[in-house]
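Structure first, then comments.
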Amino acid sequence: MKATRHTKILELIERYEIETQEELSDYLRREGYQVTQATVSRDIRELKLTKVSQENGRQRYAALSEPGSDMNGKYVRVFKEGFRSADTAQNILVVKTVSGMAMAVAAALDNMQCDEIVGSIAGDDTIMCAVRTSAEAQNLLARLKKLATEK
């Protein structure tokens, strides 16, 4: 049941511009799935769905781990779309993002080659990353700022 629900969720977010968990729940119910908000929340986490900005300024759920796709390119694109600024405080890297994009950018950082990051916490527009050392935090900061400005 779970696997078929996950397949249906991926199909729905591909077909429709779904912005909220409630909206996703409604679409699932219309397809005959009896789901709770907790189930949908867990499914979103397990499927590694994230919200991405659209051209119209609204956000929608998207799968960052689509089979056979250029994942690094997608992560970089999400990072660039959401990144606003970054700074360090010793071994803590603080990344500021577009409002509502911190979780998506944090997911991108988790999947990009940022091995210096031990762990991260994302809010609405801020990510705090624990980095092993102050020197690694400075190097990562420079790398991310360069990446954010590349065309």
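Predicted, not measured: the structure shown is a model, and the values here were computed from it. Because only heavy atoms are used, hydrogens play no part in the values below, and waters and symmetry mates are left out as well, while side chains stay in.
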Q. Do side-chain atoms of Ser25 reach the backbone of Gln21 as a donor and acceptor pair under 3.5 angstrom?
A. yes
### Message
I'd like to know if the side chain of Thr97 reaches the main chain of Ala102, judged simply by a donor and an acceptor atom lying under 3.5 Å from each other, with no hydrogens or angles considered.
### Response
yes
When every non-hydrogen atom of Ile127 is compared with those of Ala106, the smallest separation belongs to CD1-N, 3.5 Å
Using only heavy-atom distances, determine whether the side chains of Thr4 and Thr7 contain a donor-acceptor pair under 3.5 Å.
no
query = Do the side chains of Val76 and Ile117 join up, straight or via other hydrophobic residues, at under 4.5 Å, putting them in one cluster?
reply = yes
**Asked** Are Met103 and Val98 linked, directly or through other ILVMFWY residues, by side chains that come within less than 4.5 angstrom of each other?
**Response** no
Glu19/Lys51 ion pair, N-O < 4.0 Å = no
| query | Is Leu47 reachable from Ile44 through a run of hydrophobic residues whose side-chain heavy atoms are each under 4.5 Å from the next? | reply | yes
ask   = Under 4.5 Å between any side-chain heavy atoms of Lys80 and Arg77, yes or no?
value = no
Show me, pair by pair, the donor-acceptor contacts under 3.5 angstrom made by side chains of residues 81-96, not counting sequence neighbours?
| residue | atom | partner | partner atom | Å |
| --- | --- | --- | --- | --- |
| Thr88 | OG1 | Gln138 | NE2 | 2.5 |
| Asn91 | ND2 | Val131 | O | 2.8 |
| Lys96 | NZ | Thr126 | OG1 | 3.0 |

Arg5 and Tyr33 have their tightest heavy-atom pair at CA-CE2, 3.8 Å
So the salt bridge (charged side-chain N to carboxylate O under 4.0 Å, His left out) pairs with at least one residue in residues 120-147 (sequence neighbours excluded) are Glu116-Arg143
- Query: Side-chain heavy atoms under 4.5 angstrom apart, residues restricted to Ile, Leu, Val, Met, Phe, Trp, Tyr: same cluster for Met112 and Val118?
  - Reply: no
Given the options Leu12, Val52, Leu49, Tyr61 meets side chain to side chain contact (heavy atoms under 4.5 Å, CB included) only with Leu49
Joint hydrophobic cluster, Leu109 plus Met128, side-chain heavy atoms closer than 4.5 Å = no
- Begin with the C-alpha distance, continue with both residues' side-chain angles, and end with the deciding distance and a verdict on side-chain contact (heavy atoms from CB on, under 4.5 Å) for His6 and Leu10. CA-CA 6 Å; His6 281 190; Leu10 292 172; 5.6 Å; no
Shortest non-hydrogen pair, Ala63 vs Ile13, comes out as N-CD1, 3.7 Å
Here the pair of heavy atoms bringing Leu140 nearest to Cys114 is CD1-SG, 4.0 Å
